[in-house]
Amino acid sequence: MALANQPAIDAINLLNCSLLQADFATNRFAPALAEALPTVQLLGDSLMRLQYTLRPEAAWDNGRPVLATDVAFTLKLMFCPGLPNERARSDYSFIREVLIDPKNPRRFSLVCTSQSVEYVQASGDFFVLPEAALDPKSELRAFSLAELQRRPASDKAPPAVLQALARRYAAATPGQTPARLPGCGPYQLVKWEKDRSLRFRRKPGWWADRVRPRPFVLEARPAQLEYAIIPDAATASLALQRGDIDVFPQMPTREFIRLRQAPTARAALNFYTTASHDVVIAGFNTRQPPLSDALTRQALGRCFDAAGILQGSELGEGRRTVGLISPADRRNYNDSLAPVPFDPAGAVALLRRAGWRRGATAEAGWQRNSAHGPQLLRLTMRYRTDEPLFATMALQFQAAAAGIGVPVRLLPTESGNFSEALHNGEFDVYVRALRGNPFMFNFTSFLHSQAVGAGNTTGFGTPESDRLIEAIAAASTVPHRAQLLRRFQTLLQREMPLVPLFFRSNHVAAQKRLTHLYPTSLKPGFAAMAIDEAPPSTSP
């Protein structure tokens, strides 16, 4: 349930199916395990009932049909204590009840807590897991979904049944060896060399082969897919040019442009650029006393030269932003705000307003007194080592902060340890990219106060921001949601627990013989399962 990064999500997408999945050909959600989008029934003024029916062809690897009981099991699993389900608990708490049709084991209804416009899509956007493999005695059926949701994630003494289920899940290690669990997706994992490669083989006679007409989300053309893990972009680029790899997604901008201008590469490769929904941000640890006030965070936010970084590292490709909503989303983007400027002089003025005073010497830095004693403004900044962009940002911020007398210690962190360090609050400032979603606007898992200690790494949360986040998630009309989103962008810029800097462009380079790549703004930027090869030319 905990997916560490985009490659992990890509891999799980090959092994499993959701009720609904993103259609890269139309950039909309489409039925996958479900045979159609859910029907919607409003219950009074505050509840919504979504009715689904699973495709009759859908089956697990062992031949068992995918049933409504599997969907109910998966939803309950999200709320079992002792599992890595913090994000899922937050994202799917709006589903309060699963009602299975006693006359049709493939039909069920989800009762939702409000009448949000997002719930139609969000209710189907999770991988369905096999009940029989993880709960062979169906013991979880004795618990209602609401009962599990009321049980705290930190429950130290859950019933023995739930403890046993958590142990079985851990033993299956679905995050590391998903092949141990039956899936219902089109591919099987046949080889995994840690930090080197993963190889997937298409299942002969996958259940979706019998679906006619077959929708785009159930396409699976390649007989085999192999993912090479090449951390160094230059090495990956050489592999692409040699023909050792076929597709290079999220290619660094500078290398992408260099190759695109090279005649030899241009003859062999196709190049695609799309917008992305990934926003590069800086985050502050608001639980640290020197960073607990908005004025100090606003001051430090003015030490990021977003325009300069965008030009220097991304060669100008990408878009500045005022918030977490893409400027391309004209309905929801708050264009009445201006991006946070690079303004060291303004930062000094804000620090003084926040009560900071320069020491007698340059080494003394900034100091202030508080109810808890004297404070010094000295920062530790974390960033991932696997992307040069983040190192550039860290060095730029360090230099700008030093220019106004704020010392910054840099902590480059290996990718595998970065999330844990943020989760544990072992930072003052970080830079990273957030994976956006153009379909849903639920910020609960990383900005609500209930998510502090889990996905909310900044530790930020106020009664006002919590109410606004909840109202956005529950908005029943698109115009009302847009109004709330604009207010939320204003609030975030005022409180500044994080500084949204810019949205990146997505670059994909691929061998020319490949067809049906479907470049898209959705991650990973192309449709791996739809790829085909052009027939060899017969011309002399």
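Note that the numbering runs from 1 along the sequence shown for the chain.
- Residues E118 and F441 share a closest heavy-atom pair of OE2-N, 2.6 Å.
- The closest side-chain donor-acceptor pair between T458 and Y430, if any, does not fall under 3.5 angstrom.
- Nearest approach of S313 to T392, heavy atoms of both residues: OG-CG2, 3.5 Å.
- In terms of heavy atoms, V71 sits closest to F126 at CG1-CZ, 4.1 Å.
- E226 pairs in a salt bridge (charged side-chain N to carboxylate O under 4.0 Å, His left out) with only one of the listed residues (R201, K191, R199), which is R199.
- Among residues two or more places apart in sequence or in another chain, the side-chain hydrogen bond (donor to acceptor under 3.5 Å, both in side chains) test is passed with R382 by T413.
- Of the N and O atoms on the side chains of N332 and D329, at least one donor lies less than 3.5 Å from an acceptor on the other residue.
- For the 3.5 Å distance criterion, the side chains of R87 and S445 qualify, holding a donor opposite an acceptor.
- In terms of heavy-atom proximity, L225 sits nearest to A528 at CD2-O, 4.1 Å.
- Qualifying side-chain hydrogen bond (donor to acceptor under 3.5 Å, both in side chains) partners for S18, counting only residues two or more places apart in sequence or in other chains: none.
- Between L165 and L134, the shortest heavy-atom contact is CD1-O, 3.3 Å.
- The closest donor-acceptor contact from the side chain of D70 to the backbone of V66 lies at 3.5 Å or more, if one exists at all.
- R202 and D209 are joined by a salt bridge, as a carboxylate oxygen and a charged side-chain nitrogen come within less than 4.0 angstrom of each other.
- R513 and D246 are joined by a salt bridge, as a carboxylate oxygen and a charged side-chain nitrogen come within less than 4.0 angstrom of each other.
- Looking at W206, its side chain does come within 3.5 Å of a backbone N or O of C184 through a donor-acceptor pair.
- Formation of a donor-acceptor pair under 3.5 Å by the Q511 side chain with backbone atoms of Q241 is not found in this model.
- For S90 and H448, the side-chain atoms include no donor-acceptor pair closer than 3.5 Å.
- In the model, H277 has no side-chain atom that pairs as donor or acceptor with a side-chain atom of S326 under 3.5 Å.
- One finds no salt bridge joining R106 and D101 here, because no Lys/Arg side-chain nitrogen approaches an Asp/Glu carboxylate oxygen to under 4.0 Å.
- The pair E317-R504 fails the salt-bridge criterion, with no side-chain N (NZ, NE, NH1 or NH2) lying under 4.0 Å from an Asp/Glu carboxylate O.
- For the atom pair CZ of F94 and OG of S116, the computed distance is 8.0 Å after rounding to the nearest 0.5 Å.
- Of the charged side-chain nitrogens involved, at least one lies within less than 4.0 Å of a carboxylate oxygen, so that R384 and E387 count as a salt-bridged pair.
- Partners of Y383 according to the side-chain hydrogen bond (donor to acceptor under 3.5 Å, both in side chains) rule, which considers only residues two or more places apart in sequence or in another chain, do not exist here.
- Contact of the M529 side chain with the P186 side chain is registered, since non-hydrogen atoms from C-beta on lie closer than 4.5 Å.
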